[in-house]
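Throughout, a chain's letter reflects where its sequence line sits, starting with A, and its residues are numbered from 1. Since we're looking at a predicted model, the values are computed, not measured.
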Protein chains: 2
Amino acid sequence: MPENSLDKLSRGERNRIYDGLKAILSLSNGEKRARLYSGSLALFMGISQQSASKLILDMNRTGVIIRHMDGKIQSIEVSELGRDLLFEEYSLLSGLLGVKDKIMISGVVQSGMGEGRYYVSRKPYVIQFQERLGFIPYMGTLNIKVDSSEEVSLRRIRGYSGIKIDGFATDDRTFGPVKAFMGTISGIKCAIIFPERSVYRDVIEIISEEFLREKLKLSDGEKVQLNVDVSN
Amino acid sequence: MPENSLDKLSRGERNRIYDGLKAILSLSNGEKRARLYSGSLALFMGISQQSASKLILDMNRTGVIIRHMDGKIQSIEVSELGRDLLFEEYSLLSGLLGVKDKIMISGVVQSGMGEGRYYVSRKPYVIQFQERLGFIPYMGTLNIKVDSSEEVSLRRIRGYSGIKIDGFATDDRTFGPVKAFMGTISGIKCAIIFPERSVYRDVIEIISEEFLREKLKLSDGEKVQLNVDVSN
DNA sequence: ATTACTAGGGCTCGAGTAA
DNA sequence: TTTACTCGAGCCCTAGTAA
């Protein structure tokens, strides 16, 4: 069972796993899964079969890959956690190297279940939205289902640390930390918000000072484009 | 004296240096040089001062940083070699993660000294251009001085491995390996060529089946835009 | 203050080898 | 065949400390 204990890993250990992930992606040839022997991985990485075997075990233990043993040959798939790790690294490098990242996301308007409204109207969130995003959002979210062709763009955004909105707890429950990215939709200032620790979803939630759905006269299924600023 | 012996480093050693470079860039705050104590670097990286000191020495030895000792405090600058290393990593990740890279470069036409013509007309090069790029280039290069605002884009391109053109030797001298990237300029197919091992230059050389300068009626100082395909 | 050398401990890696 | 365990060697990291 994965422990998601990536934070606790030593620098060396983390880099080892990081190299392993890159190697597995290289050997996947665009497929979702890579069918390989520990020996093939070893050859590719220039390490011994024993080390590659241990590396695969470690990667599986930390949950960055999902392994299926089909008899002798194993098929390995980079997990969501593993992908996130690599996209985080990518986004970090983007920032450090000064790559201008104007990421655009397009998708279609979707109706939410109203949970968005509930969350974004919690006072501790609202206070932070005002302080860190510079506006008090309309009490509701605009949900956008991102085009599947833009999955990579969305993952790239998620890879950035964004603007931190702290979590908090009430008597009954806890509200997790959130990260936000400023952007514009049809010229109107807005922000995308993500739960800090979440699995990849193709639906994103947008907040804005305006009631976007009304202001932009949007109805379900309508196509919209979003400009996202990831420079922090 | 730098040994440029990066290839000979072990995986662990290379990752250590890689982490050090990222840390130094993080601590530079956008400045060219970072003024820091080995202790500050240590704190930032979560390692001991001694390890940070050794890391700095190693990075200096391999030539990925340039160090100036101003008394006690040192100022550290990531060298061209170091930058190349990071951009290579960035480009590698781009490819592995499937980030669509349509890189555009703009600059102004410049007259070369005619050396471009000499190089690209050497037969072993020409044969490879035909085989690997799919065309026999016009015997000359179009030189473009890239806008300084697009330095990062150019470095990103250089970070990719591109299409390999092997070097060769004649009786008198050797011609180094070259890497090429397909692209278009005003809709006409072309390729950028770089010496495989070179320092960063803001002038790039374009080859094409056509005599671009004439076909596009270009004169010195004229602004042009280039679309580069880095997907290999 | 700093930087950085030297020793010792821990950890990673690979050879041998079992299953 | 393959995967993966054990254990010894070597390497890297840190503490102590000199300059």
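- Side-chain atoms of A/Ser48 lie closest to C/dA15 of the nucleotides C/dA4, C/dA15, D/dT2.
- Rounded to an integer number of Å, the gap from CG of A/Leu41 to C1' of D/dT3 is 13 Å.
- Across all strands, A/Gly12 comes closer than 4.0 Å to no nucleic acid atom at all (heavy-atom distances).
- Distance, A/Arg16 CZ to D/dC11 P: 18 Å, rounded to whole Å.
- In this structure, CZ of B/Arg11 is placed 9 Å from P of C/dG14, rounded to the nearest angstrom.
- The nucleotide whose nearest atom lies closest to any side-chain atom of A/Ser10 is, among D/dT14, C/dT12, C/dT3, C/dT12.
- One distance of note links OG of B/Ser231 with CE of B/Met182; it measures 10.5 Å at 0.5 Å rounding.
- The separation between A/Ile17 atom CD1 and C/dC13 atom P is 11 Å, rounded to whole Å.
- Within 4.0 Å (heavy atoms only), A/Ser51 reaches at least one base atom of the nucleic acid.
- Counting only heavy atoms from C-beta on, B/Glu13 has its side chain closest to D/dC12 among D/dC12, C/dC13, C/dG14.
- For A/Asp202 against A/Lys145, the heavy-atom pair with the smallest separation is OD2-NZ, 2.8 Å.
- Using a 4.0 Å heavy-atom distance criterion, A/Ile56 is classed as making no nucleic acid contact.
- In this structure, the CE atom of A/Met45 is 9 Å from the P atom of C/dC13, given to the nearest Å.
- Per the geometry, CG belonging to A/Leu43 stands 12 Å off P belonging to D/dT2, to the nearest Å.
- Nearest-nucleotide positions on DNA chain C for A/Gly46 and A/Gln49 put A/Gly46 closer to the 5' end.
- The side chain of A/Gln74 lies closest to D/dT3 when the candidates are C/dT3, C/dG14, D/dT3.
- Distances were taken from every side-chain heavy atom of B/Leu57 (C-beta onward) to each of C/dA4, D/dT14, C/dT12; the shortest belongs to C/dA4.
- One finds a side-chain N or O of B/Arg67 lying less than 4.0 angstrom from the OP1 or OP2 phosphate oxygen of C/dA4.
- Within the 4.5 Å cutoff, the side chain of A/Ile76 has no heavy atoms near those of the A/Arg33 side chain.
- Between A/Tyr160 and A/Phe87, the distance from one ring center to the other does not fall under 6.0 angstrom.
- Following rounding to the nearest Å, B/His68 (NE2) and C/dT2 (P) show an atom-to-atom distance of 21 Å.
- Checking A/Val64, A/Asp58, A/Asn60 one by one against A/Thr62, the side chain to side chain contact (heavy atoms under 4.5 Å, CB included) holds for a single residue, A/Val64.
- Taking atom NZ of residue B/Lys54 and atom P of nucleotide C/dT6, one finds them 12 Å apart after rounding to whole Å.
- Checked by distance alone, A/Gln50 brings a side-chain donor or acceptor within 3.5 Å of a matching partner on the base of C/dG16.
- Close to C/dT3, at under 4.0 Å from its OP1 or OP2, lies no side-chain N or O of B/Ser53.
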